[in-house]
Amino acid sequence: SQQGEEDPQALSIQEGENATMNCSYKTSINNLQWYRQNSGRGLVHLILIRSNEREKHSGRLRVTLDTSKKSSSLLITASRAADTASYFCATGIFGNEKLTFGTGTRLTIIP
Amino acid sequence: DTAVSQTPKYLVTQMGNDKSIKCEQNLGHDTMYWYKQDSKKFLKIMFSYNNKELIINETVPNRFSPKSPDKAHLNLHINSLELGDSAVYFCASSQVSGFTDTQYFGPGTRLTVL
C-alpha cells in the first residue's frame, strides 16, 4: 500500500470557503511535500515541511505536520476557482532516495 | 521558457511497437526522474538519474530503458509496448538527488497503447 494516503479522495466547496485536505503516512519521514496537479498538467510544488517543523505558511496555504500521528494537513483559505486541482502529498524517508506520492485529493471549487 | 519539457505530449501506438519519450530541463539541475501516473492518478517513480548515473530503478520491466546523454536530458525508450503501459509519463528534475529537494515536473506524455 502507499506510504501516503490523502483524505478525502474528493472535496467540493463553494468559492471563498476554506478547504482542508489530510495526508497520513506509515513510516518516519525526513520531510513531507505538497504538490498540486491541474487537469492535464504536471505537478507543481506547493510547500515542503521538515520533520522538525510543525506548521508552515505560504500565501493562502497552511500546512501542519504531526509526526506523532504520522499525518499532515493542507489548508487553503479563501478558495478560488483556480484552486480546482488534485493535491498530492509526498514523503521523503530516511535512507531512501525517492519521494513517495500519496493517492491525491481532487478539489473542486464551485464558483 | 519551459523549465522541464517533454515530447511528445500525446503518443498513440499499437501493441508491440517501440517508442521513445524525450525530456529536457533547463534549470541546471543534477537529478532527473521518470514517473508513471496511472488512470487512478497514482504516481510512481520509475527511474532517477544523477549526473547521468542511474540512482533509482524501481523494478521496472526491462522493456523500459532510460538514457541520459547529459545531465539536462533524460529519455525513456519503451520496447514491445503492452496495453498496461498506457498511462501518463512525467519527467521531473531537482537540484539535488533524493527526497530533500523540490521536484519540477514536465507537462507529461499521455501514452495510449491500442
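So you know, we letter chains A, B, ... as the sequences are listed, proteins then strands, and number each from 1.
- In this structure, F105(B) CZ and R41(A) CZ are separated by 15.0 Å, a value rounded to the nearest 0.5 Å.
- Heavy atoms closer than 4.5 Å to chain A are found in the side chain of K9(B), but not in its backbone.
- Here the closest heavy-atom approach between residue F90(B) and residue Q37(A) is recorded as CZ-NE2, 3.3 Å.
- The greatest number of non-hydrogen atom pairs below 4.5 Å with chain A, out of N50(B), T31(B), I56(B), is found for I56(B).
- Between D101(B) and Q33(A), the closest heavy-atom pair is O-NE2, 3.3 Å.
- Residue L114(B) is found in a hydrophobic cluster whose other members, listed by chain and number, are V12(B); membership requires side-chain heavy atoms under 4.5 Å apart, directly or through intermediates.
- When the shell of 6.0 Å around CD of E53(B) is examined, it contains 12 or fewer heavy atoms from other residues, nucleotides or ligands.
- Both the backbone and the side chain of T102(B) come within contact range of chain A, with heavy atoms under 4.5 Å apart.
- Closest approach of F42(B) to F101(A), counting heavy atoms only: CE1-O, 3.8 Å.
- The environment of K71(B) atom NZ is dense: over 12 non-hydrogen atoms of other residues, nucleotides or ligands sit within 6.0 angstrom.
- Neither the backbone nor the side chain of Q6(B) has a heavy atom closer than 4.5 Å to any heavy atom of chain A.
- Through direct or relayed side-chain contacts under 4.5 Å between Ile, Leu, Val, Met, Phe, Trp and Tyr, L76(B) connects to L11(B), M15(B), I21(B), M32(B), W34(B), M46(B), F47(B), Y49(B), L54(B), V60(B), F64(B), L74(B), I78(B), L81(B), L83(B), Y89(B), L111(B), V113(B).
- Residues F88(A) and K41(B) come closest through the heavy atom pair CE2-O, 3.4 Å.
- Annotation for Q103(B) and Y35(A): closest pair N-OH, 3.0 Å, computed over non-hydrogen atoms.
- The other residues sharing a hydrophobic cluster with V4(B) are L27(B), Y104(B), where clustering joins ILVMFWY side chains under 4.5 Å apart.
- Proximity to chain B (any heavy atom under 4.5 Å) is shown, for L43(A), by both the backbone and the side chain.
- Within residues 52-82 of chain A, no residue has any heavy atom under 4.5 Å from a heavy atom of chain B.
- Taking hydrophobic clusters as Ile, Leu, Val, Met, Phe, Trp and Tyr residues chained together by side-chain heavy-atom distances below 4.5 Å, Y33(B) shares a cluster with V88(B).
- The parts of L43(B) that come within reach of chain A are both its backbone and its side chain, each placing non-hydrogen atoms under 4.5 angstrom from that chain.
- Rounded to the nearest 0.5 Å, atoms NZ (K40(B)) and OG1 (T103(A)) are 11.0 Å apart.
- More than 12 heavy atoms of other residues, nucleotides or ligands sit less than 6.0 Å from atom CG of D70(B).
- A continuous path of Ile, Leu, Val, Met, Phe, Trp and Tyr side chains, each step under 4.5 Å between heavy atoms, connects I109(A) with W34(A), placing both in one hydrophobic cluster.
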